[in-house]
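Below is one structure; the comments refer to it alone.
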Amino acid sequence: MNQGQFQQLKNLMQNVQQNDTSALRDQMVSDIYARTEEIVAQTVTLPENKTQLDFDRRLDNVLTSRWLGYPIMLLMLGTVFYLTIAGANVPSSLLADFFFWIEGYLTAFFAWLGTPAWVHGVLIEGLYRGTAWVVSVMLPPMAIFFPAFAILEDFGYLPRVAFNLDRFFKKAGAHGKQALTMSMGFGCNAAGVTACRIIESPRERIIAIITNNFVPCNGRFPTLITLATLFMGGAVGLAYGSLVATAVVVGLVLIGISATLSVSWLLSKTLLRGIPSNFTLELPPYRKPQFGRLMIRSVYDRTAFVLKRAVIVAAPAGVVTWILANIYIGDVSILQHAALFLDPFARAIGLDGYILMAFILGLPANEIVLPILIMSYLSTGAMTEMNTLTELKNLFLSYGWTWLTALCMMLFSLLHYPCGTTMWTIAKETKSTKWTLVAILLPTGIALGVCFLVAQTVRFFGWV
């Protein structure tokens, strides 16, 4: 073999290695499993499991179908959100009534003690009301969403979701396991970031960590669901309101997934270049969900954990917000000064200064953004009794809200920087200041850009 032939063969091998590795590996895995099935068929008798195996295969042919798999995924997601939206309104209202009933007795008790007005303001109007709002808004949706999601997980459907999404993550230059870590992010982005340890490649692990924030965690779902119910669902009346709100929330989730794939592709072509890794995902058998165990696990391991974290953060945040709203410089409170300073920029992206200030003060946890905003809007700097969604919508409308304001707030909530807990987890997992800053600044820039484009486009065409 002369030098020219050797170089030609070398180039051919490089092309095969770069372009055909995935196809070659898939063929090898398929051949291994085909040969394994032949050996099993010749040597093993499974009379009791044959029916189960046939059932699993028939179901997989539908749930992982190239044509039916994705519509079924959307239907499952929409069903979970519909149950959450339709089922959470009444319990939320009852909880709000209960907490504000207790507040009346607490206020009477403070009056009996003769405490100064500022003590009552800090402890009741700041700490108690902020915490009560977080619990009444977050607990009912979580009590429905987490068990429903856990049923799909226990049934064995989530690995099928990862299987369906694997090809999209491959095309984005990411690892197929990122579909699993992304699913974890729906519960908590910090947990999703920690779950990225299952990805062996350091490059692809960093991509998964940076982009996990684009799927809405449980702390953001109450904001998305509340605003979609008030402004999108409320625009069509009670008959179809829940369906429209569900469609909006599902659409936002799809936007988050699209952002995850797009940013993964961008990172794989720029800062984190490389060839995507391959992995073999074995689909577990379907199981009958153990509802008793699921309820206990959902309540204690997920609902109680997230709610406890939200309350711990919401209590001091309510105090800080009350203080900022009740300390005046001239005739304007500190909170109003900050909101007025931010207002021109916030208006350009479809928000207002108070909304942007609520996101800044809500940095410790996404759960407290909406309570801080409500508290900030009130002239006294205290949260009034918002016992119904109608009263809450009237409050927003009195400050000039339109459907565009609600949409831009939902988009910003979906795409903006991670919460404080997730930031800390990213720094711990990456052990890099550089990648932590990228994980903070990149989604923030995207959120600002998307909201600006949406707001300016809607205003240009005069749709508001």
Side-chain angles (χ1 to χ4, degrees), residues 55-88 140-169 176-189 191-192 195 212 214-218 220-222 224-225 228-229 232-233 240-261 281-291 293-295 297-298 301-303 306 410 414:
F55 171 79
D56 287 1
R57 288 175 179 174
R58 286 198 300 269
L59 196 53
D60 276 338
N61 288 337
V62 176
L63 296 181
T64 61
S65 165
R66 187 177 292 269
W67 304 109
L68 296 177
Y70 303 113
I72 291 174
M73 283 170 50
L74 292 178
L75 180 62
M76 293 281 192
L77 188 64
T79 300
V80 171
F81 287 137
Y82 178 79
L83 292 174
T84 302
I85 291 171
M142 285 193 303
I144 298 172
F145 177 80
F146 276 151
F149 205 74
I151 289 173
L152 294 178
E153 181 182 2
D154 204 48
F155 178 65
Y157 181 65
L158 291 190
R160 275 76 186 175
V161 173
F163 179 87
N164 289 333
L165 295 177
D166 174 58
R167 64 176 65 95
F168 290 106
F169 281 101
K177 288 182 180 178
Q178 190 173 334
L180 297 173
T181 63
M182 182 186 69
S183 298
M184 289 290 293
F186 282 110
C188 175
N189 291 131
N212 191 270
F214 290 117
V215 293
C217 65
N218 191 72
R220 284 178 281 178
F221 271 123
L224 302 181
I225 291 172
T229 302
M232 284 68 180
Y240 301 101
S242 295
L243 289 175
V244 171
T246 298
V248 171
V249 175
V250 171
L252 289 168
V253 171
L254 293 179
I255 291 174
I257 295 174
S258 299
T260 300
L261 293 169
L281 177 64
E282 293 192 30
L283 298 179
Y286 293 100
R287 301 180 301 270
K288 181 180 179 180
Q290 300 178 11
F291 293 99
R293 182 176 61 84
L294 284 178
M295 294 302 107
R297 191 180 71 188
S298 298
D301 293 350
R302 297 185 179 182
T303 304
V306 176
M410 288 189 288
L414 175 72

Give a yes or no on whether the backbone of Ala150 and the side-chain of Asp154 come within a donor-acceptor separation of less than 3.5 Å.
no
Of all the heavy-atom pairs spanning Asn164 and Thr64, show the shortest one and how long it is.
OD1-CA, 3.3 Å
Side chains of Leu152 and Val80, heavy atoms from C-beta outward: is any pair under 4.5 Å?
yes
Within the 4.5 Å heavy-atom criterion, are Leu165 and Gln178 side-chain neighbours or not?
no
Gap between atom OG1 of Thr229 and atom CG of Leu224 - 0.5 Å precision
10.5 Å
Spell out, as yes or no, whether a donor-acceptor pair under 3.5 Å connects the side chain of Arg160 to the backbone of Leu63.
no
Walk me through it: do Phe214 and Ile255 pass the test side-chain contact (heavy atoms from CB on, under 4.5 Å)?
CA-CA 9 Å; Phe214 290 117; Ile255 291 174; over 6 Å; no
Taking the ring of Phe221 and the ring of Phe81, is the distance between their centroids below 6.0 Å?
yes
Residue pair Met410, Met232: steps toward the side-chain contact (heavy atoms from CB on, under 4.5 Å) verdict:
CA-CA 12 Å; Met410 288 189 288; Met232 284 68 180; 3.5 Å; yes
Apply side-chain contact (heavy atoms from CB on, under 4.5 Å) to Ile257 and Phe168, showing your working.
CA-CA 10 Å; Ile257 295 174; Phe168 290 106; over 6 Å; no
Passes side-chain contact (heavy atoms from CB on, under 4.5 Å), Lys288 versus Phe155? Steps please.
CA-CA 6 Å; Lys288 181 180 179 180; Phe155 178 65; over 6 Å; no
Quick one: does Asn189's side chain have a donor or acceptor within less than 3.5 Å of a partner on Asn212's backbone?
yes
Can you name the nearest heavy-atom pair linking Ala179 to Ser183, along with the distance?
O-OG, 3.0 Å
How far does CD1 of Ile72 sit from OG of Ser65, to the nearest 0.5 angstrom?
7.5 Å
Side chain proximity check, Pro216 to Val253, heavy atoms < 4.5 angstrom
yes
Is the ring centre of Phe163 less than 6.0 Å from the ring centre of Tyr157?
no
Closest non-hydrogen atom pair between Ser242 and Tyr82, with its separation
CB-CE1, 3.5 Å
Glu153 versus Arg287, closest heavy-atom pair with distance:
O-NH2, 3.8 Å
At what distance, to the nearest 0.5 angstrom, does CG of Asp56 lie from CG of Asp60?
6.5 Å
Minimum side-chain heavy-atom gap Phe186-Cys217 below 4.5 Å:
no
If you look at every heavy atom in Ala228 and Val249, which pair is closest and at what distance?
CB-CG2, 4.0 Å
Phe169 CZ to Lys177 NZ distance, which is reported to the nearest 0.5 Å
14.0 Å
